Amino acid sequence: MPELPDVEIFKQYLDATSLHKTIADVQVTDGRILHGISAQKIQSKLKGHKMQGTLRHGKYLFIQTDGKFWLCFHFGMTGNVKCFKNQDHIPDYSRMLIRYANGYRLVYVSQRLLGKVGIVKDAHQFIKKKNLGPDAKKISWNRFQEIFENKKGSIKSALMDQKVLAGMGNLYADEILYQARIHPKTAVNRLDERHFIKIFNEMKTVIKTAIQKRADPEQFPGSYLLPHRRKDERCPRSHSKLKHIKINGRTSYFCPRCQPL
DNA sequence: AGTACCACCTGACGGC
DNA sequence: TGCCGTCAGGTGGTAC
């Protein structure tokens with residue numbers, strides 16, 4: 001579930017497995033993941049280069065190379081990266097393989113092909129051009145207050161809008177609003193400072209906790225909504241039956257008792 | 001500006 | 001067993 005915490009885990013994983021290793025070869029097994037570049041071009045571009053460092057902004061993962069370009073990963077609704085020894089069996093839905101000179105391969109996996117891989121000149125420039133909002137993990141309280149000024153729609157839509165705030169997806173937006181005890185349909189302009197402080201603090205805690213638990217919902221605290229985010233399950237706090245509604249076409253789970261409108 | 005809907009894809013699941 | 005509709009965590013485009 002590649003939202004901010006998941007992508008942060010991928011970043012840590014790449015930092016641990018893939019930096020400063022010479023890329024011997026690149027194999028694209030499904031070109032539909034490529035964005036704005038051909039399989040041949042990405043191969044010739046990466047070959048012989050090394051990854052120098054990583055940068056995550058929202059759900060995007062950028063890898064700086066020792067060339068004048070960055071590799072850019074987006075994971076869509078299903079996707080991850082994994083490193084294997086050359087002779088290891090690689091998983092289904094592996095769409096791109098980066099083979100290192102040291103005998104390992106980095107694999108980009110994407111079952112539904114909704115993710116994208118590309119080359120960008122500069123990550124910061126890309127973020128600007130895409131109009132991405134500030135990163136949810138790094139944003140300061142002052143900036144957080146500002147981004148909701150003059151907003152009128154529902155708080156959940158705003159939290160999930162990558163141009164407002166980068167990194168929150170459907171699941172974590174639900175979790176944050178659940179922890180803050182705010183109904184997802186609440187209009188932003190009906191929230192006061194006290195509410196925003198609560199949302200901000202819960203957001204930071206949820207992100208930190210999720211990353212600490214390696215974005216694995218099974219390890220999340222019992223007080224979290226995420227592991228119970230299924231039809232007919234109950235709120236871990238009030239034991240009321242969870243409700244689900246559609247907001248902007250996405251299913252939103254909440255507790256009608258803890259999060260009244 | 002906000003929302004609603006469609007499209008992009010594959011696979012899992014429930015109903016019949 | 002199998003067919004079919006619906007749904008799933010992402011984004012982007014269009015139309016109202």
Side-chain angles (χ1 to χ4, degrees), chain A residues 1-10 28-36 56-62 72-81 91-96 108-118 120 126-127 129-133 135-136 146-178 184-191 203 206-207 210-211 213-220 224-233 242-254:
Chain A
M1 47 166 136
E3 298 185 34
L4 187 154
D6 312 271
V7 181
E8 181 67 23
I9 298 301
F10 301 156
V28 177
T29 51
D30 195 319
R32 286 176 292 180
I33 56 149
L34 294 178
H35 189 71
R56 183 197 52 72
H57 189 95
K59 304 172 192 171
Y60 283 91
L61 183 55
F62 303 95
C72 171
F73 285 140
H74 190 279
F75 298 94
M77 274 164 88
T78 55
N80 60 77
V81 278
D92 292 341
Y93 315 113
S94 297
R95 312 298 190 182
M96 186 169 88
Y108 173 89
V109 185
S110 176
Q111 188 198 81
R112 288 174 61 189
L113 294 164
L114 295 173
K116 286 276 171 271
V117 174
V120 301
F126 177 90
I127 292 161
K129 218 166 108 195
K130 276 260 173 192
N131 256 317
L132 293 178
D135 180 76
E146 283 168 18
I147 61 174
F148 294 107
E149 275 171 20
N150 308 320
K151 290 244 156 284
K152 282 207 266 182
S154 74
I155 181 63
K156 171 138 186 212
S157 306
L159 283 174
M160 280 180 64
D161 185 343
Q162 302 301 301
K163 292 181 171 60
V164 173
L165 180 71
M168 293 296 98
N170 199 28
L171 297 192
Y172 283 98
D174 276 0
E175 185 67 58
I176 289 158
L177 293 173
Y178 172 75
K185 266 217 161 126
T186 312
V188 171
N189 61 6
R190 293 198 48 210
L191 295 168
M203 179 178 86
V206 165
I207 290 173
I211 291 170
K213 303 291 180 193
R214 311 211 62 79
D216 177 4
E218 284 185 15
Q219 309 213 24
F220 286 3
Y224 273 42
L225 173 72
L226 236 154
H228 306 280
R229 210 180 160 286
R230 255 165 279 139
K231 233 183 143 214
D232 298 327
E233 289 229 17
L242 294 173
K243 272 193 139 180
H244 60 99
I245 53 173
K246 289 265 183 201
I247 297 178
N248 291 346
R250 313 299 302 280
T251 307
S252 298
Y253 278 85
F254 66 100

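Note that the structure is predicted; figures quoted are calculated from it, not measured. Convention: sequence-line order gives letters A, B, ...; per-chain numbering from 1.
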Margin query: Taking only side-chain N and O atoms of A:K130, does any of them lie within less than 4.0 angstrom of OP1 or OP2 on C:dG12?
Written below: yes
Margin query: In this structure, how many angstroms lie between the C1' atom of C:dG10 and the CG atom of A:N248, rounded?
Written below: 14 Å
Check: Base, sugar-phosphate, or nothing for A:S110, non-hydrogen atoms under 4.0 angstrom?
Finding: nothing
Next item on the list: Tell me whether the OP1 or OP2 atom of B:dT3 has a side-chain N or O from A:S157 closer than 4.0 Å.
Entry: yes
Next item on the list: Run through A:R229, A:K243, A:R250 and flag the one making a salt bridge (Lys or Arg N to Asp or Glu O under 4.0 Å) with A:D174.
Entry: A:R229
Note to self: Below the 4.0 Å mark, does C:dG9 have OP1 or OP2 next to a side-chain nitrogen or oxygen of A:R229?
What the structure shows: yes
Checklist line | Euclidean distance, atom CG of residue A:D161 to atom C1' of C:dG10 [Å, nearest integer] | finding: 14 Å
Notebook entry, point to check: If you check the A:M77 side chain, which of C:dT11, B:dT10, C:dG9 turns out closest?
Noted result: C:dG9
Margin query: Measuring to OP1 and OP2 of C:dA8, would you say a side-chain N or O of A:T251 lies under 4.0 angstrom away?
Written below: yes
Note to self: Looking at A:R32 and A:D30, is there a salt bridge between them, counting it only when a charged N and a carboxylate O are closer than 4.0 Å?
What the structure shows: yes
Next item on the list: Look at all strands and tell whether A:Y93 reaches a base, only sugar-phosphate, or nothing, counting heavy atoms closer than 4.0 Å.
Entry: sugar-phosphate
Next item on the list: From the options B:dC8, C:dG12, C:dG9, select the nucleotide whose nearest atom is closest to the side chain of A:L114.
Entry: B:dC8
Next item on the list: Considering just the side-chain nitrogens and oxygens of A:R32, establish if one lies under 4.0 Å of OP1 or OP2 belonging to B:dT10.
Entry: yes
Next item on the list: For a side chain to side chain contact (heavy atoms under 4.5 Å, CB included) with A:L171, tell me which candidate from A:L226, A:I176, A:T251 qualifies.
Entry: A:L226
Check: Which nucleotide, B:dT3, C:dG10, B:dT10, lies nearest any side-chain atom of A:Q111?
Finding: B:dT10
Check: So, is A:K152 near the phosphate of B:dG2, with a side-chain N or O under 4.0 Å from OP1 or OP2?
Finding: no
Next item on the list: Pick base, sugar-phosphate or nothing for A:L113, based on heavy-atom distances below 4.0 Å to the nucleic acid.
Entry: sugar-phosphate
Next item on the list: Select from A:G249 and A:Q162 the residue whose nearest nucleotide in DNA chain C is closer to the 5' end of that strand.
Entry: A:G249
Check: Phosphate oxygens OP1/OP2 of C:dT11: is one of them under 4.0 Å from a side-chain N or O of A:K116?
Finding: no
Note to self: Using salt bridge (Lys or Arg N to Asp or Glu O under 4.0 Å), reason through A:K59 and A:D6 one step at a time and then give a plain yes or no.
What the structure shows: CA-CA 8 Å; A:K59 304 172 192 171; A:D6 312 271; over 6 Å; no
Next item on the list: Please tell me which of the listed nucleotides, C:dA8, B:dT3, C:dG10, lies nearest to the side chain of A:K246?
Entry: C:dA8
Notebook entry, point to check: Whole Å only: how far is the NE2 atom of A:H57 from the P atom of C:dT11?
Noted result: 12 Å
Margin query: With a 3.5 Å limit on both atom pairs, tell me what C:dG9 is paired to, counting Watson-Crick and G-U wobble, or say none.
Written below: none
Note to self: Measure CG/A:N170 against P/C:dG9 and give the value in whole Å, please.
What the structure shows: 5 Å
Next item on the list: Check whether any side-chain nitrogen or oxygen of A:K151 sits under 4.0 Å from OP1 or OP2 of B:dT3, and answer yes or no.
Entry: no
Check: Would the A:F73 and A:F10 ring centres measure less than 6.0 Å apart?
Finding: no
